[in-house]
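None of these values were measured; they are calculated from a predicted model. Each residue takes its place number in the sequence, starting with 1. Below, each value reflects all heavy atoms present in this structure, side chains not excepted, and no hydrogens, waters or symmetry copies.
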Amino acid sequence: MRHLAPLLCAALLLTHSAALLADELIGPGEIPKHYFALWAEQSKCEGQNAPFYPDAMLIGRKAIGLEKLACPVSEVLADNGKDRFKATFNCISIGENRMHTQPIELRLEDDQLYFSLDGGAEQGPYIDCRIPTIESRH
């Protein structure tokens, strides 16, 4: 399984920087609210410290952070309003100073997140780190 390391600062910088830059990078669509979370494998939720989240995926209104990528939404491709969302993202590779378009598909099932990049193998499940699990409450 891939190690994920989103960079919130970079995504925020991209979404709140100069209007011209933001207009070029971010499309009109938004990620549905039920995906907004810090998602990680159950054993990886503890020890996550902002602004860096090792082994996790940060999803917000207009961007996804994962694996040294800050990815603002470019174009929404599909949204069934319930459990599947697919969009292209303008991903900025942190430290490499390059941008590429990346299709990402998100799927929710039983409050767990699954995702795939460029139509590749689905990865997951990941849980919402803000919601305490039964094991963590004992």
Side-chain angles (χ1 to χ4, degrees):
M1 182 158 310
R2 298 177 109 148
H3 290 290
L4 305 174
L7 300 172
L8 175 61
C9 287
L12 290 174
L13 176 66
L14 291 171
T15 58
H16 296 294
S17 58
L20 180 62
L21 177 62
D23 287 346
E24 290 174 357
L25 293 175
I26 303 172
E30 295 184 1
I31 301 171
K33 201 167 195 171
H34 48 274
Y35 290 102
F36 297 2
L38 176 63
W39 299 93
E41 294 176 24
Q42 187 165 335
S43 62
K44 303 282 185 174
C45 280
E46 293 192 25
Q48 301 292 340
N49 295 307
F52 302 105
Y53 301 97
D55 302 316
M57 172 187 268
L58 183 67
I59 301 178
R61 184 174 70 89
K62 285 280 199 176
I64 291 177
L66 59 100
E67 199 172 333
K68 294 187 180 178
L69 297 175
C71 301
V73 172
S74 174
E75 177 185 7
V76 174
L77 302 174
D79 177 12
N80 73 359
K82 185 179 177 190
D83 62 357
R84 284 191 182 270
F85 175 79
K86 184 175 182 179
T88 56
F89 293 80
N90 288 325
C91 292
I92 310 302
S93 296
I94 306 306
E96 295 180 20
N97 197 24
R98 67 181 182 94
M99 182 178 84
H100 67 280
T101 301
Q102 177 81 56
I104 299 174
E105 184 171 347
L106 306 173
R107 180 174 70 87
L108 284 175
E109 182 178 311
D110 298 325
D111 296 323
Q112 296 181 329
L113 177 76
Y114 299 83
F115 73 96
S116 61
L117 306 173
D118 267 333
E122 191 171 70
Q123 300 178 51
Y126 295 92
I127 62 168
D128 182 345
C129 289
R130 298 172 304 171
I131 300 173
T133 62
I134 293 171
E135 290 86 10
S136 66
R137 285 185 248 157
H138 289 89

Gln123 vs Ser116, side-chain contact (heavy atoms from CB on, under 4.5 Å): CA-CA, chis, key distance, verdict: CA-CA 6 Å; Gln123 300 178 51; Ser116 61; over 6 Å; no

List the steps and the verdict of side-chain contact (heavy atoms from CB on, under 4.5 Å) for Ile127 and Glu41. CA-CA 6 Å; Ile127 62 168; Glu41 294 176 24; over 6 Å; no

side-chain contact (heavy atoms from CB on, under 4.5 Å), that's the test. Do Ile64 and Met57 meet it? Break it down for me. CA-CA 7 Å; Ile64 291 177; Met57 172 187 268; 4.0 Å; yes

Decide yes or no on side-chain contact (heavy atoms from CB on, under 4.5 Å) for Leu58 and Trp39, but give the supporting numbers first. CA-CA 6 Å; Leu58 183 67; Trp39 299 93; over 6 Å; no

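For Asp118, the CG atom sits in a packed shell: over 12 heavy atoms of surrounding residues, nucleotides or ligands are nearer than 6.0 Å.
Residue Leu77 is not grouped with residue Phe89 when hydrophobic side chains (ILVMFWY) are merged at heavy-atom distances under 4.5 angstrom, including chains of intermediate members. The hydrophobic cluster containing Ile92 also contains Ile26, counting ILVMFWY residues as joined when their side-chain heavy atoms lie under 4.5 angstrom apart, directly or transitively.
A distance of 9.0 Å separates OG of Ser93 from CD of Gln102, quoted to the nearest 0.5 Å. The line from NE2 of His100 to SG of Cys71 is 6.5 Å long, rounded to the nearest 0.5 Å. Note that CD of Glu30 and OH of Tyr35 are 14.5 Å apart. Values are rounded to the nearest 0.5 Å. With rounding to the nearest 0.5 Å, the separation of NE2 in His34 from CG in Asp128 is 12.5 Å. In this structure, the separation between NZ on Lys44 and CG on Leu38 is 13.0 Å, given to the nearest 0.5 Å.
In this structure, the ring of Phe115 has its center less than 6.0 angstrom from the ring center of Tyr126.
In summary, Arg107 and Glu105 do not engage in a salt bridge, as defined by a charged side-chain N under 4.0 Å from a carboxylate O.
Checking side-chain atoms of Asp110 against main-chain N and O of Gln112 turns up no donor-acceptor pair under 3.5 Å. The backbone N or O of Gly29 sits less than 3.5 Å from a side-chain atom of Lys62, completing a donor-acceptor pair. Between the side chain of Asp79 and the main chain of Gly81, a donor-acceptor pair closer than 3.5 Å is present. A donor-acceptor pair under 3.5 Å is absent between the side-chain atoms of Lys82 and the main chain of Leu108, judged by distance alone.
Considering only heavy atoms from C-beta on, Pro125 stays 4.5 Å or farther from Leu113 through its side chain. Residues Leu106 and Tyr114 are not in side-chain contact: their nearest non-hydrogen atoms beyond the backbone lie 4.5 Å or more apart.
The residue from Val73, Ile59, Thr88, Leu66 that alone fulfils the side-chain contact (heavy atoms from CB on, under 4.5 Å) condition with Ile104 is Leu66.
Looking at every heavy atom in both residues, Asp55 comes nearest to Ala40 through O-CB, 3.5 Å.
Applying the side chain to side chain donor-acceptor pair (under 3.5 Å) criterion to Asp111, with sequence neighbours excluded, gives no partner residue.
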